[in-house]
Student: 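Here you go, one structure.
Lettering follows sequence order; numbering is per chain, from 1. Keep in mind that the numbers below use all heavy atoms, side chains included, and drop hydrogens, waters and symmetry copies. Source: prediction; values computed, not measured.
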Amino acid sequence: MAKRYDEVMSLSLRRGFIWPSVDIYGGFAGFYDYGHLGAAMKRKWENLWLKYFLGLSKRYHLIDTTNILPFKSLKASGHVDHFTDILVSCSGCGMSHRGDHLVQDETGKSAESLSTDEIDAEIQKLGLKCPKCGGALQSSTEFNMMIPLSIGPTGADKAYLRPETAQGAFLNFKREFESLRRKIPFGLAIIGRAFRNEISPRQGTYRMREFIQAELQIFFNPNTFDDEVDFKSVEDEVLRISFEDKKEDGHVENIRAGDLIDRLPKFYVYHMVKIQQFYLDLLGMPRERFRFAELGEKERAFYNRLHFDIEIKLDSMNGWGEINGIHYRTDHDLSGHQAGSNEKMTVTVDGERVLPHVLELSFGVDRNIWAFLDVFYEKNEKSVLRLPRRIAPITIGVFPLVSKGGLPELAIEIFESLDDDFECFYDEAGSIGKRYARMDEIGTPFCLTVDYDSLENKDVTIRERDSTHQKRVPISELSQTFKDLLKTGAGF
RNA sequence: GCGGUCGUGAUCUAGCCUGGUUAGGAUCUGAGGUUCCCAACCUCAUUGCUCGGGUUCAAAUCCCGGCGGCCGCACCA
């Protein structure tokens, strides 16, 4: 609902999570900046993502690669050709259509590889009119979703901002294969920015022209990977899935992982389970808001053999919103770069010569941040952001009950002792209730309050956000108490 | 990109149709008071008509254009 979208965006603007870039000049469509709370939350999400997904294997590692890629590499990857649409607009109603679709609908043959001139010639020859209003079609224009750059003093070196971080992993495959001692499987993770020239960016951080991806590319031997994952450990997990044919009506099936292996590879299901556990167990996403949604042959990219999106049910988006994808890219990328660069990408492992396949776990970081704000923001008479403890931008609010009588001094002392290990925030302005409310609204899971008894007994009150329950804890035990409370599943 | 609709302090909004005092309210924020364990109260204060042009004696208000938001279509390898 637009109302929900406005609620979440209003919180975000007011408190400092996310807002439009270049705001003071009227904004810049498709670009958003993170404020101090948003940036802190995003960093925590990214760190948790890294810890969890790199933790799946000792052979999964983080790398960091350039935002700008030369023409050649993106030609080889298929993006120069396949990331382009040829658009034809109608001189009557102004509607634009994809040129290759118009021609293909008429001839029944794929027209995807035709140039603008060829499309125009076909339209002439076939006498095509606007399918909407029957008006005359204008000559076609090429539209590439990649943002082009001119590099060097003459600008002669053509390049693009990367449309996905994944290419950085493929381009570094050979180097890493060597430095990781010539073994597969291994995984290369990248957290970084990607750029797409979206025609009409909309819906806040859901369709941006510059966005952040967290991706893990896993390189493996397709003949042996099923046996290399510990499928036994996940086979009883029940996954929430919508298959292609049942996706539209919102139907979600609960299927045991072990019962999926007649239609999906074990290694694929294994990673589905790990992703579901990341959201449901580690981050506390409500189960009914989570699902895998299958993409059919027409929907998925040319390089994907299998593609499920991870979707979260969002009130601000009026339903299921895609936040991540699991893509089985086969050997598409390595064989493309092998052909484009003349570098051999095949490897010999255990006497067998293989061109590794790739499983991509792709996460939209901005979409995740938005999804967590939407799902966990509760706005009634009170305003509470019930974020998972580990991605809350501030962990502990530290207050003196009143700002006199020696209470601020002790509170500041405690604040300083905890601030190295936890994100803390000190406040003595306004009533104690007001200060709790301020922390509730930005998702701070715990507050501690120093009162007059604290001076005598050397203890303080800890107050938990969701229950508003309080406990008395000795000052000397605070650090350990909060460490325990931040463990997954810890109760208050 | 096409069409519709909208744009008032940090946030939400009244005023606009029917041009005319210091643009009103609520929340938030800051200072002071109060010292109260869940958005209490009192005093004071800061911040605004999206930008540019036009009409007019006079524009938040009418007209045109830009930028931006949302919705529909298209697009989203």
Side-chain angles (χ1 to χ4, degrees), chain A residues 1-3 5-7 9-16 19-31 35 74 77-98 101 112 130-133 138 141 143-146 163-164 166 196-204 206-209 211 295 298-304 307 316 318 322 327 329 332 381-384 399-405 407-408 428-441 447-453 460-465 467-470 472:
Chain A
M1 286 172 109
K3 181 172 171 287
Y5 177 86
D6 290 342
E7 271 177 10
M9 189 48 98
S10 171
L11 168 78
S12 179
L13 292 167
R14 208 155 21 85
R15 302 314 302 266
W19 45 57
S21 299
V22 207
D23 212 1
I24 60 170
Y25 287 93
F28 189 27
F31 296 86
L74 290 163
S77 71
H79 287 87
V80 170
D81 298 324
H82 293 275
F83 217 57
T84 302
D85 287 333
I86 291 174
L87 297 178
V88 183
S89 52
C90 168
S91 55
C93 64
M95 184 79 75
S96 46
H97 308 276
R98 278 184 55 168
H101 286 182
E112 207 184 341
C130 173
K132 206 83 178 177
C133 74
Q138 296 174 323
T141 53
F143 178 75
N144 192 296
M145 294 276 293
M146 289 194 292
E164 57 173 3
R196 296 179 191 179
N197 197 10
E198 296 285 354
I199 295 175
S200 60
R202 225 179 258 178
Q203 292 185 302
Y206 250 70
R207 183 86 60 82
M208 296 200 288
R209 289 182 166 137
F211 56 100
L295 270 72
K298 280 190 179 158
E299 294 173 293
R300 62 182 187 247
F302 56 95
Y303 51 68
N304 282 332
H307 181 168
S316 65
N318 247 330
E322 172 201 350
H327 313 135
R329 301 177 70 128
H332 172 85
E381 64 287 358
K382 283 186 176 180
S383 217
V384 186
F399 314 135
L401 183 61
V402 295
S403 56
K404 65 171 194 183
L407 302 189
E428 59 176 66
S431 70
I432 189 70
K434 183 78 176 178
R435 283 176 267 159
Y436 287 149
R438 275 196 280 248
M439 289 295 102
D440 284 348
E441 194 176 36
C447 294
L448 74 81
T449 302
V450 172
D451 57 22
Y452 290 111
D453 293 340
V460 297
T461 301
I462 297 180
R463 178 252 194 200
E464 196 266 340
R465 177 194 64 205
S467 61
T468 75
H469 289 159
Q470 305 193 139
R472 206 74 195 172

Student: Provide, to the nearest angstrom, the distance between the CG atom belonging to A:Leu11 and the P atom belonging to B:C12.
Tutor: 11 Å

Student: Within the 4.5 Å heavy-atom criterion, are A:Asn197 and A:Met146 side-chain neighbours or not?
Tutor: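 In short, these two side chains do not touch, never coming nearer than 4.5 Å.
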
Student: To the nearest Å, give me how far apart CD (A:Glu441) and P (B:U27) are.
Tutor: 15 Å

Student: Say you pick atom P in B:U8 and the same atom in B:G15; how far apart are they, in whole Å?
Tutor: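 Per the computed distance, 14 Å lies between those P atoms.
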
Student: In whole Å, measure the gap between the P atoms of B:C51 and B:C67 for me.
Tutor: 16 Å

Student: Checking contacts here: which listed nucleotide (B:C36, B:C70, B:A74) is nearest the side-chain heavy atoms of A:Ser200?
Tutor: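 Shortest atom-to-atom distance from the side chain points to B:A74.
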
Student: Output, in order, the C-alpha distance, side-chain angles, deciding distance and verdict of side-chain contact (heavy atoms from CB on, under 4.5 Å) for A:Asn318 and A:Tyr5.
Tutor: CA-CA 9 Å; A:Asn318 247 330; A:Tyr5 177 86; over 6 Å; no

Student: Could you tell me how far B:G7 sits from B:U13 if I compare only their C1' atoms? Round to whole Å.
Tutor: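 Those two atoms are separated by 13 Å.
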
Student: Are OP1 or OP2 of B:A40 and a side-chain N or O of A:Ser431 less than 4.0 angstrom apart?
Tutor: yes

Student: RNA chain B: A:Arg209 or A:Glu198, which has the more 5' nearest nucleotide?
Tutor: A:Arg209

Student: Could you work out which one of B:C71, B:C75, B:C36 sits closest to the side chain of A:Tyr452?
Tutor: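 Within the option list, the nearest is B:C36.
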
Student: Given that both distances must come in under 3.5 Å, which nucleotide forms a Watson-Crick or G-U wobble pair with B:C41?
Tutor: B:G33

Student: So A:Arg207, base contact, sugar-phosphate only, or nothing? Heavy-atom distance under 4.0 Å.
Tutor: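 Base contact.
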
Student: Can you tell me which nucleotide in B:A39, B:U11, B:C37 comes closest to the side chain of A:Thr461?
Tutor: B:C37

Student: Measure CZ/A:Arg472 against C1'/B:C37 and give the value in whole Å, please.
Tutor: 10 Å

Student: Just how far is it from atom NE2 of A:His82 to atom OG of A:Ser77, taken to the nearest 0.5 Å?
Tutor: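 These two atoms lie 9.5 Å from each other.
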
Student: Return the nucleotide paired to B:A14: Watson-Crick means purine N1 to pyrimidine N3 with N6-O4 or O6-N4, wobble means G-U with N1-O2 and O6-N3, both under 3.5 Å.
Tutor: none

Student: Give none if B:G65 has no partner; otherwise give the nucleotide forming a Watson-Crick or G-U wobble pair with it, both distances under 3.5 Å.
Tutor: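 In the structure as shown, B:G65 has B:C51 as its Watson-Crick or wobble partner.
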
Student: Taking the same atom, C1', in B:A26 and in B:A14, what whole-Å distance lies between them?
Tutor: 11 Å

Student: Just the rounded figure in Å: distance from C1' of B:G7 to CE of A:Met9.
Tutor: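 My rounded result for the distance is 15 Å.
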
Student: With A:Glu441, which of A:Lys382, A:Arg465, A:Arg14 fulfils salt bridge (Lys or Arg N to Asp or Glu O under 4.0 Å)?
Tutor: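 When A:Lys382, A:Arg465, A:Arg14 are each tested with A:Glu441, the salt bridge (Lys or Arg N to Asp or Glu O under 4.0 Å) holds only for A:Arg14.
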
Student: Measuring from the side chain of A:Ala29 (C-beta onward, heavy atoms only), which nucleotide among B:G68, B:G72, B:U29 has the closest atom?
Tutor: B:G68

Student: Round to a whole Å and report the spacing from CG of A:Asn197 to P of B:C76.
Tutor: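 After rounding, the reported distance stands at 13 Å.
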
Student: Quick one: is A:Arg438 getting a side-chain N or O under 4.0 Å of the B:U29 phosphate, OP1 or OP2?
Tutor: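 Answer yes for this pair, as a side-chain N or O of A:Arg438 is under 4.0 Å from OP1 or OP2.
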
Student: Please give, in whole Å, the distance from B:G69 P to A:Trp19 CH2?
Tutor: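 From A:Trp19 CH2 to B:G69 P: 17 Å.
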
Student: For B:G72, does the base pair up with any side-chain atom of A:Arg202 as donor and acceptor (N or O, under 3.5 Å, distance only)?
Tutor: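 Result: at least one qualifying N/O pair found.
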
Student: To the nearest 0.5 angstrom, please state how far the NZ atom of A:Lys3 sits from the CD atom of A:Glu7.
Tutor: 4.5 Å

Student: What's A:Gly78 touching, base or sugar-phosphate or nothing? Going by heavy atoms closer than 4.0 Å.
Tutor: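 If one applies the 4.0 Å heavy-atom cut-off, A:Gly78 turns out to touch nothing in the nucleic acid.
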
Student: Using a 4.0 Å heavy-atom cut-off, does A:Asp451 contact any base of the nucleic acid, only the sugar-phosphate backbone, or nothing at all?
Tutor: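 Touches a base.
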
Student: Any side-chain N or O of A:Tyr436 under 4.0 Å from OP1/OP2 of B:A39?
Tutor: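 Answer is no, no contact under 4.0 Å.
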
Student: Separation of A:Glu7 atom CD from B:U27 atom C1', in whole Å?
Tutor: 15 Å

Student: Whether A:Lys404 contacts B:U34 is assessed here as follows: a side-chain N or O lying under 4.0 Å from the phosphate OP1 or OP2. Is that the case?
Tutor: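 For B:U34, OP1/OP2 do not have a side-chain N/O of A:Lys404 under 4.0 Å.
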
Student: Mapping A:Val402 and A:Arg196 onto RNA chain B by nearest heavy atom, which one lands closer to the 5' end?
Tutor: A:Val402

Student: When rounded to the nearest Å, what value does the distance between P atoms of B:U27 and B:C71 take?
Tutor: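 Looking at atom P only, B:U27 and B:C71 are 31 Å apart.
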
Student: Tell me whether the side-chain N or O atoms of A:Gln470 pair up with the base of B:C38 as donor and acceptor below 3.5 Å, since no angle test is needed here.
Tutor: yes

Student: Of the listed nucleotides (B:C76, B:G69, B:C71), which one gets closest to any side-chain atom of A:Tyr5?
Tutor: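 The closest nucleotide is B:G69.
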
Student: When you get a sec, tell me which of B:C70, B:C36, B:C75 is the closest nucleotide to the side chain of A:Ile199?
Tutor: B:C75

Student: Look at the side chain of A:Ser10 and decide which nucleotide, out of B:A39, B:U11, B:C37, has an atom nearest to it.
Tutor: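 When the side chain of A:Ser10 is considered, B:U11 is the closest of B:A39, B:U11, B:C37.
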
Student: For the C1' atoms, the ones on B:G1 and on B:C63, what distance do you get once it is rounded to whole angstrom?
Tutor: 26 Å

Student: Donor-acceptor pair, A:Arg196 side chain versus A:Glu164 backbone, under 3.5 Å?
Tutor: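 No; judged by distance alone, with no hydrogens or angles, the pair does not exist.
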
Student: Please state the P separation for the pair B:A59 and B:C17 - nearest whole angstrom.
Tutor: 14 Å

Student: What distance, rounded to whole Å, do you find between the two C1' atoms, one in B:U34 and one in B:C16?
Tutor: 43 Å

Student: Tell me the partner of B:C2, counting only Watson-Crick (N1-N3 plus N6-O4 or O6-N4) or G-U wobble (N1-O2 and O6-N3) with both under 3.5 Å; none if nothing fits.
Tutor: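 B:G72 is the nucleotide pairing with B:C2.
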
Student: Between C1' on B:C75 and CE on A:Met146, what's the gap in Å once rounded to a whole number?
Tutor: 16 Å

Student: For A:Gln203, which contact category applies under a 4.0 Å heavy-atom criterion: base, sugar-phosphate, or nothing?
Tutor: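 Counting heavy atoms under 4.0 Å across all strands, the contact made by A:Gln203 is with sugar-phosphate only.
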
Student: Could you check whether A:Arg435 gets within reach of a base, just the sugar-phosphate, or nothing at all, counting any heavy atom under 4.0 Å?
Tutor: nothing

Student: Has A:Glu198 got a side-chain atom pairing as donor or acceptor with A:Pro201's backbone, closer than 3.5 angstrom?
Tutor: no

Student: Mind checking the CE-CZ spacing from A:Met208 to A:Phe31? Nearest 0.5 Å is all I need.
Tutor: 9.5 Å

Student: Which is true for A:Ile432 with a 4.0 Å heavy-atom rule: it touches a base, it touches only sugar-phosphate, or it touches nothing?
Tutor: sugar-phosphate

Student: Decide yes or no for A:Asp440 and A:Cys447: does some side-chain heavy atom of the first lie under 4.5 Å from some side-chain heavy atom of the second?
Tutor: no

